[in-house]
Structures are given as structure tokens and as C-alpha cells.
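For reference, the structure is listed below as C-alpha cells.
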Amino acid sequence: MENYRIQSIRTVEENRKIGLLSMYHGYPSEDSIYLEFLYIQSDIQKQGYGQEMIPALSLHLSSLGYREIRINVALKNWPALRFWIKSGFNQISGIYGDLEHSDITFANTELIKTL
């Protein structure tokens, strides 16, 4: 569990807690970060906090020697896919889940951002 971290997301101006971030360091390689969970409070979503946080996080992780960030996104979650692609996660490493599309099937894609 030493590679797993949960961190709060806070505003710069007021140091107000607005969300959570969980990451796993070192998967699938030592210089990778797996972003497992990102949550911004629902009442302040779509105000640019996530778009501001991802470049800052990327710069920080790069300064620590990490070379990539990976995430897993549900293919049916169009808003999330748009957010992550806009945030620079522009490589697909795979698609996992059910082989056929329906109302009761699910699949995810793993996206990568190179730092």
C-alpha cells in the first residue's frame, strides 16, 4: 500500500477543499502514475478546476521523474472522455470489458498522457 496515495484538492486562493484525488505510483512501470479517482464537488464542477489541476499535477509529477499518467475511463461516459482527452490524455493503450455494446454491457479504455 506504500504506492497508493489519496490527496485532497484545494483552491489556491482560499485553501478550500473542493475534491479528492487517488493515485497509484509505479504501475505499470516505475515511472508511471495510475490516476485511479478524481472527484471535484458536484456544485462546482464545470468551472475549470479540473482543467487547472491536471496541468499543475502533470508538471509536479514530471518534476518527480514520472514519465506518464494513465487513467481508465468508461466508454459510455462521454463527458469524462472529453475532459481527459482535452487534458492531454491522447494515447489509448487498450479497451477492456464486454465485447458487444448494449444497455447492460460495459467497457473501459485506458488513456495515457506522456509527461
Q. Ignoring hydrogens and geometry, is there a side-chain-to-backbone donor-acceptor pair from T109 to G94 under 3.5 Å?
A. yes
Q | Side-chain donor or acceptor of D98 paired with backbone N/O of A107 under 3.5 Å | A | no
Q | Full working for side-chain contact (heavy atoms from CB on, under 4.5 Å) between I92 and L111 | A | CA-CA 5 Å; I92 297 174; L111 300 175; 3.7 Å; yes
Q: Can you see which heavy atom on I112 is nearest to which on S93, and at what distance?
A: CD1-CB, 3.6 Å
Q: Following the transitive rule for hydrophobic clusters with a side-chain heavy-atom cut-off under 4.5 Å over Ile, Leu, Val, Met, Phe, Trp and Tyr, establish whether M53 and Y34 coincide in one cluster.
A: no
Q.
Just checking R10: does its CZ atom have more than 12 heavy atoms from other residues, nucleotides or ligands closer to it than 6.0 angstrom?
A. yes
Q.
As an exercise, state the distance from NE2 of H25 to CG of L61, rounded to the nearest 0.5 Å.
A. 7.5 Å
Q | Over all atoms of both residues, closest heavy-atom pair of L35 and I71 | A | CB-CG2, 3.4 Å
**Q.** Gap separating the CD atom of Q45 from the CD1 atom of I18, nearest 0.5 angstrom
**A.** 10.0 Å
Q.
Are more than 12 heavy atoms, taken from residues, nucleotides or ligands other than L64, located less than 6.0 Å from that residue's CG atom?
A. yes
(Q) Other residues, nucleotides and ligands only: do more than 12 of their heavy atoms fall within 6.0 Å of NZ on K76? (A) yes
Q: Test Y27 against R70 for side-chain contact (heavy atoms from CB on, under 4.5 Å), laying out the working first.
A: CA-CA 9 Å; Y27 178 81; R70 292 179 179 234; 5.8 Å; no
Q) How far does NZ of K113 sit from CD1 of I33, to the nearest 0.5 angstrom? A) 13.0 Å
Q.
Tell me if a side-chain donor or acceptor on Q41 pairs with a main-chain N or O of K17 at a distance below 3.5 Å.
A. yes
Q | For the student: nearest non-hydrogen atoms of V73 and A80, plus distance | A | CG1-CB, 3.9 Å
Q | Closest non-hydrogen atom pair between I9 and L20, with its separation | A | CD1-O, 3.6 Å
(Q) Grouping I, L, V, M, F, W and Y whenever their side-chain heavy atoms are under 4.5 Å apart, do I44 and L57 come out in a common cluster? (A) yes
Q) Does E30 CD have over 12 foreign heavy atoms under 6.0 Å away? A) no
Q) To the nearest 0.5 Å, how far apart are CZ in F89 and CD in E68? A) 10.0 Å
**Q.** Point-to-point distance, once rounded to the nearest 0.5 Å, from CG of L21 to CG of L38
**A.** 6.0 Å
Q.
Going by the rule side-chain contact (heavy atoms from CB on, under 4.5 Å), which residues pair with Y4 if we only count those two or more places apart in sequence or in a different chain?
A. M1, I6, S22, Y24, E36
Q.
Looking at T11 and R16, would you say the former's side chain and the latter's main chain have a donor-acceptor pair under 3.5 Å?
A. yes
Q) Does any donor atom in the side chain of T105 or E100 lie under 3.5 Å from an acceptor atom in the other side chain? A) no
Q. Between S58 and I69, what is the shortest heavy-atom contact and its length?
A. OG-CD1, 3.8 Å
Q) What is the distance from atom CD1 of I95 to atom CG of N108, rounded to the nearest 0.5 Å? A) 10.0 Å
